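Since the structure comes first, as C-alpha coordinates, the remarks are kept for the end.
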Amino acid sequence: MATEEGSGLQIHPMDQFVVKPLFGDGPIQWYTPTNVTLWMGIAVLAVIALLVLSTRRRAIVPSRGQSVAELFYGFVHKMVEDVAGHEGVKFFPYVMTLFMFVFLSNMLGLIPMSFTTTSHIAVTVVLAMLVFLTVTLVGLYRKGLGFLAMFWVTSAPLALRPVLAVIEVVSYFVRPVSHSVRLGGNLLAGHAVIKVFAGFAGAMGLASVVPIAAIVAMYGLEVLVAAVQAYVFTILTCVYLRDAVGEAHH
Amino acid sequence: MATEAHGEAGAAVGMPQLDFSTWPNQIFWLLVTLVVIYLVLSKIALPRIGAVLADRKSTITNDLAAAEELKQKAVEAEKAYNDALANARTEAAKIIAAAKAEIQKDLDAATAKADAEIAAKTAESEKSIAAIRDGAAAAVAEVARDTAAELVTALGGAADAKSVSAAVTARLKG
(Lines give C-alpha, C1' and ligand atoms only; values in the text may rest on other atoms or scores of the structure.)
Protein backbone atom coordinates (compact mmCIF):
# COMPACT_ATOMS: atom_id res chain seq x y z
CA MET A 1 0.00 0.00 0.00
CA ALA A 2 2.86 2.31 0.85
CA THR A 3 4.47 1.80 -2.49
CA GLU A 4 1.36 2.89 -4.38
CA GLU A 5 1.58 6.31 -2.77
CA GLY A 6 5.33 6.25 -2.97
CA SER A 7 5.69 5.30 -6.63
CA GLY A 8 5.95 8.96 -7.56
CA LEU A 9 8.39 9.53 -4.73
CA GLN A 10 10.94 7.03 -6.03
CA ILE A 11 10.71 4.80 -2.97
CA HIS A 12 12.27 1.40 -3.42
CA PRO A 13 11.67 -0.38 -0.13
CA MET A 14 12.75 -3.71 -1.54
CA ASP A 15 16.11 -2.60 -2.91
CA GLN A 16 17.73 -3.25 0.43
CA PHE A 17 17.01 -6.94 0.05
CA VAL A 18 18.69 -7.39 -3.34
CA VAL A 19 21.46 -9.96 -3.33
CA LYS A 20 24.50 -8.46 -5.09
CA PRO A 21 27.96 -9.81 -5.83
CA LEU A 22 30.60 -8.16 -3.70
CA PHE A 23 33.06 -7.90 -6.57
CA GLY A 24 32.08 -7.01 -10.13
CA ASP A 25 28.64 -7.40 -11.57
CA GLY A 26 28.60 -10.90 -12.94
CA PRO A 27 25.96 -13.59 -12.48
CA ILE A 28 25.47 -14.98 -9.00
CA GLN A 29 26.78 -18.52 -8.84
CA TRP A 30 26.31 -20.61 -5.70
CA TYR A 31 29.88 -19.82 -4.65
CA THR A 32 29.92 -16.10 -5.54
CA PRO A 33 30.85 -13.92 -2.54
CA THR A 34 27.85 -11.64 -2.17
CA ASN A 35 26.52 -9.20 0.39
CA VAL A 36 24.97 -12.31 1.95
CA THR A 37 28.49 -13.66 2.45
CA LEU A 38 29.65 -10.35 3.87
CA TRP A 39 26.91 -10.00 6.45
CA MET A 40 26.95 -13.64 7.44
CA GLY A 41 30.70 -13.30 7.87
CA ILE A 42 30.13 -10.26 10.06
CA ALA A 43 27.65 -12.33 12.09
CA VAL A 44 30.31 -15.02 12.53
CA LEU A 45 32.81 -12.38 13.66
CA ALA A 46 30.21 -10.98 16.04
CA VAL A 47 29.66 -14.45 17.50
CA ILE A 48 33.40 -14.87 17.95
CA ALA A 49 33.77 -11.42 19.51
CA LEU A 50 30.80 -11.94 21.78
CA LEU A 51 31.38 -15.49 22.97
CA VAL A 52 35.06 -16.25 22.39
CA LEU A 53 37.09 -13.05 22.70
CA SER A 54 35.11 -11.75 25.65
CA THR A 55 35.65 -14.97 27.60
CA ARG A 56 39.35 -15.47 26.83
CA ARG A 57 40.37 -14.51 30.38
CA ARG A 58 38.02 -17.15 31.86
CA ALA A 59 37.59 -14.92 34.86
CA ILE A 60 35.80 -16.13 37.97
CA VAL A 61 34.67 -12.55 38.42
CA PRO A 62 33.54 -11.76 34.86
CA SER A 63 34.25 -8.63 32.88
CA ARG A 64 31.35 -6.87 31.19
CA GLY A 65 31.87 -8.74 27.93
CA GLN A 66 32.14 -12.07 29.69
CA SER A 67 28.96 -11.32 31.61
CA VAL A 68 27.13 -10.81 28.35
CA ALA A 69 28.51 -14.07 26.96
CA GLU A 70 27.44 -15.89 30.11
CA LEU A 71 24.05 -14.24 29.88
CA PHE A 72 23.53 -15.63 26.37
CA TYR A 73 24.79 -19.03 27.45
CA GLY A 74 22.59 -19.14 30.51
CA PHE A 75 19.55 -17.85 28.64
CA VAL A 76 19.68 -20.42 25.86
CA HIS A 77 20.84 -23.24 28.12
CA LYS A 78 17.93 -22.67 30.48
CA MET A 79 15.52 -22.46 27.55
CA VAL A 80 16.73 -25.79 26.13
CA GLU A 81 16.63 -27.47 29.53
CA ASP A 82 13.21 -26.13 30.48
CA VAL A 83 11.47 -26.58 27.15
CA ALA A 84 13.17 -29.50 25.41
CA GLY A 85 13.81 -31.35 28.64
CA HIS A 86 16.91 -32.88 30.11
CA GLU A 87 17.49 -35.07 27.07
CA GLY A 88 17.45 -32.00 24.86
CA VAL A 89 20.56 -30.53 26.46
CA LYS A 90 22.79 -32.46 24.05
CA PHE A 91 21.27 -30.30 21.30
CA PHE A 92 22.29 -27.17 23.16
CA PRO A 93 25.22 -26.27 20.82
CA TYR A 94 22.90 -26.66 17.85
CA VAL A 95 20.15 -24.51 19.38
CA MET A 96 22.73 -21.98 20.52
CA THR A 97 24.07 -21.81 16.94
CA LEU A 98 20.60 -21.08 15.61
CA PHE A 99 19.88 -18.51 18.29
CA MET A 100 23.15 -16.64 17.94
CA PHE A 101 22.91 -16.62 14.16
CA VAL A 102 19.30 -15.43 14.05
CA PHE A 103 19.71 -12.92 16.87
CA LEU A 104 22.91 -11.37 15.52
CA SER A 105 21.67 -11.36 11.92
CA ASN A 106 18.50 -9.60 13.04
CA MET A 107 20.44 -7.05 15.07
CA LEU A 108 23.11 -6.49 12.40
CA GLY A 109 20.29 -5.99 9.91
CA LEU A 110 19.15 -2.98 11.90
CA ILE A 111 22.39 -1.14 11.17
CA PRO A 112 21.57 1.43 8.47
CA MET A 113 22.73 0.36 4.96
CA SER A 114 23.25 -3.20 6.14
CA PHE A 115 21.83 -6.34 4.63
CA THR A 116 19.46 -8.49 6.66
CA THR A 117 20.20 -12.11 5.84
CA THR A 118 17.32 -13.39 7.98
CA SER A 119 14.80 -11.38 5.96
CA HIS A 120 15.32 -13.82 3.11
CA ILE A 121 12.97 -16.75 2.85
CA ALA A 122 15.84 -18.82 1.45
CA VAL A 123 17.70 -18.45 4.72
CA THR A 124 14.78 -18.95 7.08
CA VAL A 125 13.48 -21.91 5.10
CA VAL A 126 16.84 -23.63 5.38
CA LEU A 127 16.99 -22.90 9.09
CA ALA A 128 13.47 -24.22 9.60
CA MET A 129 14.05 -27.28 7.41
CA LEU A 130 17.19 -28.11 9.36
CA VAL A 131 15.15 -28.07 12.56
CA PHE A 132 12.34 -30.05 10.94
CA LEU A 133 14.69 -32.70 9.58
CA THR A 134 16.62 -32.91 12.84
CA VAL A 135 13.44 -33.37 14.84
CA THR A 136 12.01 -35.95 12.44
CA LEU A 137 15.18 -38.00 12.06
CA VAL A 138 16.13 -37.88 15.74
CA GLY A 139 12.55 -38.72 16.70
CA LEU A 140 12.41 -41.71 14.35
CA TYR A 141 15.86 -42.86 15.41
CA ARG A 142 15.22 -42.63 19.14
CA LYS A 143 11.59 -43.72 19.28
CA GLY A 144 11.22 -45.73 16.09
CA LEU A 145 7.65 -46.02 14.99
CA GLY A 146 6.64 -44.84 18.45
CA PHE A 147 7.45 -41.38 17.19
CA LEU A 148 4.40 -41.61 14.97
CA ALA A 149 2.27 -42.17 18.08
CA MET A 150 2.33 -38.44 18.67
CA PHE A 151 -0.13 -38.13 15.78
CA TRP A 152 -2.52 -40.57 17.45
CA VAL A 153 -4.15 -38.58 20.23
CA THR A 154 -5.02 -41.24 22.79
CA SER A 155 -6.70 -38.77 25.11
CA ALA A 156 -9.40 -38.07 22.49
CA PRO A 157 -12.46 -40.25 21.90
CA LEU A 158 -11.68 -43.13 19.56
CA ALA A 159 -14.00 -41.86 16.81
CA LEU A 160 -12.22 -38.52 16.69
CA ARG A 161 -8.71 -39.92 16.59
CA PRO A 162 -8.39 -40.47 12.81
CA VAL A 163 -9.60 -36.92 12.17
CA LEU A 164 -7.21 -35.55 14.77
CA ALA A 165 -4.43 -37.65 13.29
CA VAL A 166 -4.92 -35.99 9.91
CA ILE A 167 -4.90 -32.55 11.55
CA GLU A 168 -1.81 -33.41 13.57
CA VAL A 169 0.05 -34.68 10.51
CA VAL A 170 -0.84 -31.60 8.50
CA SER A 171 0.17 -29.29 11.34
CA TYR A 172 3.43 -31.21 11.71
CA PHE A 173 4.33 -30.62 8.09
CA VAL A 174 3.21 -26.99 8.21
CA ARG A 175 5.62 -26.32 11.06
CA PRO A 176 8.68 -25.48 8.93
CA VAL A 177 6.55 -23.15 6.82
CA SER A 178 5.23 -21.16 9.77
CA HIS A 179 8.59 -21.40 11.48
CA SER A 180 10.42 -19.81 8.55
CA VAL A 181 7.79 -17.37 7.27
CA ARG A 182 7.24 -15.95 10.76
CA LEU A 183 10.89 -14.97 11.06
CA GLY A 184 11.49 -13.84 7.49
CA GLY A 185 8.17 -12.03 7.20
CA ASN A 186 8.57 -10.07 10.40
CA LEU A 187 11.97 -8.74 9.43
CA LEU A 188 11.07 -8.12 5.81
CA ALA A 189 7.96 -6.15 6.75
CA GLY A 190 9.67 -4.08 9.41
CA HIS A 191 12.63 -3.14 7.23
CA ALA A 192 10.40 -2.34 4.26
CA VAL A 193 8.16 -0.09 6.37
CA ILE A 194 11.15 1.81 7.75
CA LYS A 195 12.43 2.27 4.22
CA VAL A 196 9.05 3.60 3.05
CA PHE A 197 8.96 6.13 5.87
CA ALA A 198 12.51 7.11 5.03
CA GLY A 199 11.39 7.73 1.45
CA PHE A 200 8.63 10.04 2.73
CA ALA A 201 11.10 11.87 4.93
CA GLY A 202 13.25 12.62 1.91
CA ALA A 203 10.34 14.08 -0.06
CA MET A 204 8.39 16.05 2.54
CA GLY A 205 10.72 18.93 3.40
CA LEU A 206 10.07 20.40 6.85
CA ALA A 207 7.10 18.16 7.48
CA SER A 208 9.49 15.22 7.35
CA VAL A 209 9.81 15.39 11.14
CA VAL A 210 6.65 13.29 11.18
CA PRO A 211 8.07 10.35 9.19
CA ILE A 212 11.38 10.68 11.01
CA ALA A 213 9.60 10.40 14.34
CA ALA A 214 7.76 7.42 12.92
CA ILE A 215 11.08 5.86 11.86
CA VAL A 216 12.46 6.31 15.37
CA ALA A 217 9.40 4.62 16.82
CA MET A 218 9.49 1.87 14.19
CA TYR A 219 13.18 1.34 14.82
CA GLY A 220 12.55 0.82 18.52
CA LEU A 221 9.83 -1.64 17.65
CA GLU A 222 12.13 -3.40 15.18
CA VAL A 223 14.82 -3.85 17.83
CA LEU A 224 12.18 -5.54 19.93
CA VAL A 225 11.00 -7.61 16.96
CA ALA A 226 14.57 -8.66 16.15
CA ALA A 227 15.11 -9.96 19.68
CA VAL A 228 11.66 -11.46 20.07
CA GLN A 229 11.77 -13.26 16.71
CA ALA A 230 15.14 -14.78 17.55
CA TYR A 231 13.67 -15.88 20.87
CA VAL A 232 10.51 -17.25 19.24
CA PHE A 233 12.48 -19.11 16.59
CA THR A 234 14.68 -20.69 19.23
CA ILE A 235 11.96 -21.60 21.67
CA LEU A 236 9.92 -23.20 18.87
CA THR A 237 13.00 -25.20 17.96
CA CYS A 238 13.12 -26.39 21.56
CA VAL A 239 9.42 -27.21 21.54
CA TYR A 240 9.85 -29.29 18.39
CA LEU A 241 12.94 -30.98 19.81
CA ARG A 242 10.93 -32.06 22.82
CA ASP A 243 8.75 -34.11 20.47
CA ALA A 244 11.84 -35.94 19.33
CA VAL A 245 13.69 -36.45 22.60
CA GLY A 246 11.23 -35.79 25.41
CA GLU A 247 8.88 -38.09 27.25
CA ALA A 248 5.58 -38.91 25.56
CA HIS A 249 3.23 -36.11 26.43
CA HIS A 250 0.46 -36.28 23.85
CA MET B 1 0.50 -10.88 5.22
CA ALA B 2 2.74 -7.86 5.11
CA THR B 3 5.10 -9.96 3.07
CA GLU B 4 2.60 -10.70 0.37
CA ALA B 5 1.25 -7.14 0.33
CA HIS B 6 4.70 -5.76 -0.27
CA GLY B 7 5.54 -8.47 -2.69
CA GLU B 8 2.58 -7.66 -4.90
CA ALA B 9 2.73 -3.91 -4.48
CA GLY B 10 6.41 -3.74 -5.21
CA ALA B 11 6.06 -5.51 -8.53
CA ALA B 12 8.04 -2.76 -10.24
CA VAL B 13 11.06 -3.50 -8.08
CA GLY B 14 10.31 -7.18 -7.73
CA MET B 15 10.77 -9.12 -4.57
CA PRO B 16 14.40 -10.17 -4.10
CA GLN B 17 13.25 -12.87 -1.68
CA LEU B 18 11.51 -14.67 -4.54
CA ASP B 19 14.41 -14.39 -6.95
CA PHE B 20 15.22 -18.07 -6.89
CA SER B 21 18.43 -17.59 -8.86
CA THR B 22 20.09 -16.31 -5.67
CA TRP B 23 18.86 -19.16 -3.50
CA PRO B 24 21.77 -21.55 -4.07
CA ASN B 25 24.16 -18.75 -3.20
CA GLN B 26 22.34 -17.84 0.00
CA ILE B 27 21.89 -21.45 1.03
CA PHE B 28 25.54 -22.25 0.41
CA TRP B 29 26.80 -19.32 2.46
CA LEU B 30 24.22 -19.95 5.16
CA LEU B 31 25.39 -23.54 5.55
CA VAL B 32 29.02 -22.40 5.66
CA THR B 33 28.11 -19.81 8.28
CA LEU B 34 26.15 -22.27 10.40
CA VAL B 35 28.93 -24.84 10.28
CA VAL B 36 31.51 -22.21 11.28
CA ILE B 37 29.36 -20.89 14.12
CA TYR B 38 28.59 -24.42 15.26
CA LEU B 39 32.26 -25.37 15.32
CA VAL B 40 33.26 -22.16 17.11
CA LEU B 41 30.54 -22.65 19.70
CA SER B 42 30.86 -26.38 20.28
CA LYS B 43 34.68 -26.48 20.21
CA ILE B 44 35.60 -23.24 21.93
CA ALA B 45 32.93 -20.94 23.28
CA LEU B 46 30.44 -23.22 24.98
CA PRO B 47 32.92 -25.56 26.74
CA ARG B 48 34.82 -22.51 27.92
CA ILE B 49 31.78 -20.66 29.25
CA GLY B 50 30.42 -23.87 30.75
CA ALA B 51 33.73 -24.48 32.50
CA VAL B 52 33.84 -20.91 33.78
CA LEU B 53 30.31 -21.19 35.14
CA ALA B 54 31.07 -24.56 36.76
CA ASP B 55 34.31 -23.14 38.18
CA ARG B 56 32.48 -20.20 39.62
CA LYS B 57 29.81 -22.42 41.10
CA SER B 58 32.37 -24.68 42.75
CA THR B 59 34.40 -21.69 43.93
CA ILE B 60 31.33 -20.19 45.52
CA THR B 61 30.38 -23.51 47.10
CA ASN B 62 33.93 -23.98 48.39
CA ASP B 63 34.10 -20.45 49.68
CA LEU B 64 30.81 -20.88 51.48
CA ALA B 65 32.01 -24.14 53.00
CA ALA B 66 35.30 -22.51 54.00
CA ALA B 67 33.43 -19.58 55.50
CA GLU B 68 31.21 -21.97 57.43
CA GLU B 69 34.30 -23.80 58.66
CA LEU B 70 36.01 -20.58 59.67
CA LYS B 71 32.88 -19.47 61.45
CA GLN B 72 32.82 -22.76 63.31
CA LYS B 73 36.48 -22.27 64.18
CA ALA B 74 35.81 -18.75 65.39
CA VAL B 75 33.01 -20.02 67.61
CA GLU B 76 35.34 -22.69 68.96
CA ALA B 77 38.12 -20.18 69.49
CA GLU B 78 35.76 -17.89 71.32
CA LYS B 79 34.65 -20.76 73.51
CA ALA B 80 38.27 -21.72 74.21
CA TYR B 81 39.05 -18.11 74.99
CA ASN B 82 36.15 -17.85 77.38
CA ASP B 83 37.14 -21.13 79.03
CA ALA B 84 40.71 -19.95 79.39
CA LEU B 85 39.49 -16.67 80.79
CA ALA B 86 37.29 -18.42 83.34
CA ASN B 87 40.15 -20.76 84.27
CA ALA B 88 42.50 -17.86 84.65
CA ARG B 89 39.98 -16.07 86.85
CA THR B 90 39.58 -19.09 89.14
CA GLU B 91 43.32 -19.55 89.20
CA ALA B 92 43.85 -15.92 90.01
CA ALA B 93 41.26 -16.04 92.79
CA LYS B 94 43.00 -19.11 94.20
CA ILE B 95 46.40 -17.46 94.07
CA ILE B 96 45.02 -14.33 95.69
CA ALA B 97 43.46 -16.39 98.51
CA ALA B 98 46.69 -18.32 99.03
CA ALA B 99 48.74 -15.14 99.04
CA LYS B 100 46.36 -13.54 101.47
CA ALA B 101 46.58 -16.53 103.80
CA GLU B 102 50.36 -16.53 103.60
CA ILE B 103 50.60 -12.83 104.22
CA GLN B 104 48.24 -13.21 107.18
CA LYS B 105 50.41 -15.99 108.56
CA ASP B 106 53.59 -13.96 108.15
CA LEU B 107 51.86 -10.99 109.64
CA ASP B 108 50.68 -12.97 112.61
CA ALA B 109 54.14 -14.44 113.17
CA ALA B 110 55.76 -11.06 112.85
CA THR B 111 53.21 -9.51 115.21
CA ALA B 112 53.80 -12.25 117.77
CA LYS B 113 57.55 -11.84 117.47
CA ALA B 114 57.31 -8.11 117.76
CA ASP B 115 55.04 -8.45 120.79
CA ALA B 116 57.51 -10.81 122.41
CA GLU B 117 60.39 -8.48 121.66
CA ILE B 118 58.48 -5.52 122.96
CA ALA B 119 57.66 -7.44 126.15
CA ALA B 120 61.29 -8.44 126.58
CA LYS B 121 62.46 -4.92 125.94
CA THR B 122 59.91 -3.54 128.38
CA ALA B 123 61.02 -5.96 131.06
CA GLU B 124 64.66 -5.10 130.42
CA SER B 125 63.94 -1.40 130.50
CA GLU B 126 61.98 -1.75 133.69
CA LYS B 127 64.92 -3.62 135.22
CA SER B 128 67.42 -1.01 134.17
CA ILE B 129 65.13 1.81 135.29
CA ALA B 130 64.88 0.10 138.67
CA ALA B 131 68.66 -0.28 138.81
CA ILE B 132 69.15 3.33 137.83
CA ARG B 133 66.59 4.43 140.45
CA ASP B 134 68.32 2.33 143.11
CA GLY B 135 71.70 3.65 142.04
CA ALA B 136 70.36 7.19 142.19
CA ALA B 137 68.95 6.71 145.69
CA ALA B 138 72.29 5.31 146.91
CA ALA B 139 74.15 8.17 145.28
CA VAL B 140 71.77 10.70 146.92
CA ALA B 141 72.48 9.11 150.36
CA GLU B 142 76.21 9.21 149.66
CA VAL B 143 76.13 12.81 148.58
CA ALA B 144 73.96 13.70 151.58
CA ARG B 145 76.39 12.02 153.95
CA ASP B 146 79.42 13.67 152.37
CA THR B 147 77.70 17.04 152.29
CA ALA B 148 76.53 16.66 155.92
CA ALA B 149 80.03 15.68 157.01
CA GLU B 150 81.50 18.68 155.16
CA LEU B 151 78.84 20.98 156.65
CA VAL B 152 79.57 19.72 160.18
CA THR B 153 83.29 20.23 159.63
CA ALA B 154 82.70 23.68 158.20
CA LEU B 155 80.57 24.64 161.17
CA GLY B 156 83.47 23.67 163.40
CA GLY B 157 82.23 20.46 164.74
CA ALA B 158 84.11 17.24 164.80
CA ALA B 159 82.57 15.06 162.28
CA ASP B 160 82.15 11.64 163.51
CA ALA B 161 81.62 9.59 160.40
CA LYS B 162 79.47 7.05 162.10
CA SER B 163 77.07 9.41 163.79
CA VAL B 164 76.73 11.62 160.68
CA SER B 165 75.95 8.62 158.58
CA ALA B 166 73.35 7.47 161.10
CA ALA B 167 71.75 10.90 161.26
CA VAL B 168 71.59 11.23 157.49
CA THR B 169 70.12 7.76 157.12
CA ALA B 170 67.48 8.59 159.70
CA ARG B 171 66.65 11.84 157.85
CA LEU B 172 66.49 10.07 154.53
CA LYS B 173 64.02 7.56 155.90
CA GLY B 174 61.96 10.29 157.54
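What you see is a predicted model; the values in this text were computed from it and never measured. A, B, ... follow the sequence lines: proteins, then strands. Residue 1 opens every chain.
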Residue part contacting chain B, namely of A:Val123, when any heavy atom lies under 4.5 Å: both
Need one label for B:Ser21: side chain, backbone, both or neither, based on atoms under 4.5 Å from any heavy atom in chain A. backbone
When heavy-atom pairs shorter than 4.5 Å are enumerated against chain A, which of B:Thr22, B:Val52, B:Leu46 gives the highest number? B:Leu46
Bottom line for A:Pro62: the part with an atom under 4.5 Å from chain B's heavy atoms is both
Quick check on B:Leu30 against chain A: is it the side chain, the backbone, both or neither that has a heavy atom closer than 4.5 Å? both
Out of A:Ile48, A:Thr34, A:Thr32, A:Val61, which one racks up the most heavy-atom pairs below 4.5 Å with chain B? A:Thr32
Give, as side chain, backbone, both or neither, the part of A:Gln16 having an atom under 4.5 angstrom from any heavy atom of chain B. neither
Examine distances only and state if a side-chain atom of B:Trp23 and a backbone atom of B:Gln17 form a donor-acceptor pair shorter than 3.5 Å. yes
Go through the steps for A:Tyr240 and A:His179 under the test ring-ring contact (aromatic ring centres under 6.0 Å, His included), then give the verdict. CA-CA 11 Å; A:Tyr240 299 158; A:His179 204 186; 5.3 Å; yes
Side chains of B:Thr33 and A:Thr37 in contact at under 4.5 Å (non-hydrogen atoms): no
Main chain of A:Val19, side chain of A:Asn35: is a donor-acceptor contact present, judged purely on distance under 3.5 Å? no
Sort A:Leu130 into side chain, backbone, both or neither according to what part of it lies under 4.5 angstrom from a heavy atom of chain B. side chain
Please identify which of these residues, A:Phe72, A:Tyr231, A:Phe233, meets the ring-ring contact (aromatic ring centres under 6.0 Å, His included) condition with A:Phe103. A:Phe72
Does A:Gly109 offer a backbone N or O that forms a donor-acceptor pair with the side chain of A:His191 under 3.5 Å? yes
Chain A heavy atoms under 4.5 Å from B:Arg48: which part of the residue, side chain, backbone, both or neither? side chain
Got a second to check how far A:Thr134's OG1 is from A:Leu241's CG, nearest 0.5 Å? 7.0 Å
Under a 4.5 Å heavy-atom criterion, the part of residues 93-102 of chain A in contact with chain B comprises A:Pro93, A:Tyr94, A:Met96, A:Thr97, A:Met100, A:Phe101
Under a 4.5 Å heavy-atom cut-off, does chain B meet the side chain of A:Tyr73, its backbone, both or neither? side chain
Counting only non-hydrogen atoms closer than 4.5 Å, does A:Gln29 touch chain B with its backbone (N, CA, C, O), its side chain (CB onward), both, or neither? backbone
Below 4.5 Å from any heavy atom of chain B, which atoms of A:Ser119 appear? Answer side chain, backbone, both or neither. both
Consider only side-chain N and O atoms of B:Gln72 and B:Glu68, and report whether a donor and an acceptor are under 3.5 Å apart. no
Is there a donor-acceptor contact under 3.5 Å from the side chain of A:Ser178 to the main chain of A:Arg175? yes
For the rings on A:Trp39 and A:Phe115, is their centre-to-centre separation under 6.0 Å? no
Which one wins on heavy-atom pair count under 4.5 Å against chain A: B:Val36, B:Ile44, B:Leu53? B:Leu53
Any chance you could measure A:His120, atom NE2, to B:Asn25, atom CG, to the nearest 0.5 Å? 10.5 Å
Could you check if a side-chain atom of A:Val135 sits within less than 4.5 angstrom of a side-chain atom of A:Val245, using non-hydrogen atoms only? no
Are the side chains of A:Val225 and A:Val228 in contact, using a 4.5 Å heavy-atom criterion? no
Okay, B:Leu34 and chain A: the region with an atom under 4.5 Å from a heavy atom over there is both
Using heavy-atom distances under 4.5 Å, tell me whether B:Leu31 contacts chain A through its side chain, its backbone, both, or neither. side chain
Output the option from A:Ile60, A:Ile28, A:Val36, A:Leu51 having the highest count of non-hydrogen pairs under 4.5 Å with chain B. A:Ile60
Residue of the set A:Val80, A:Val131, A:Val138 for which side-chain contact (heavy atoms from CB on, under 4.5 Å) holds with A:Phe91: A:Val138
Chain B shares the most heavy-atom pairs under 4.5 Å, among A:Phe92, A:Phe17, A:Tyr31, A:Trp30, with A:Trp30
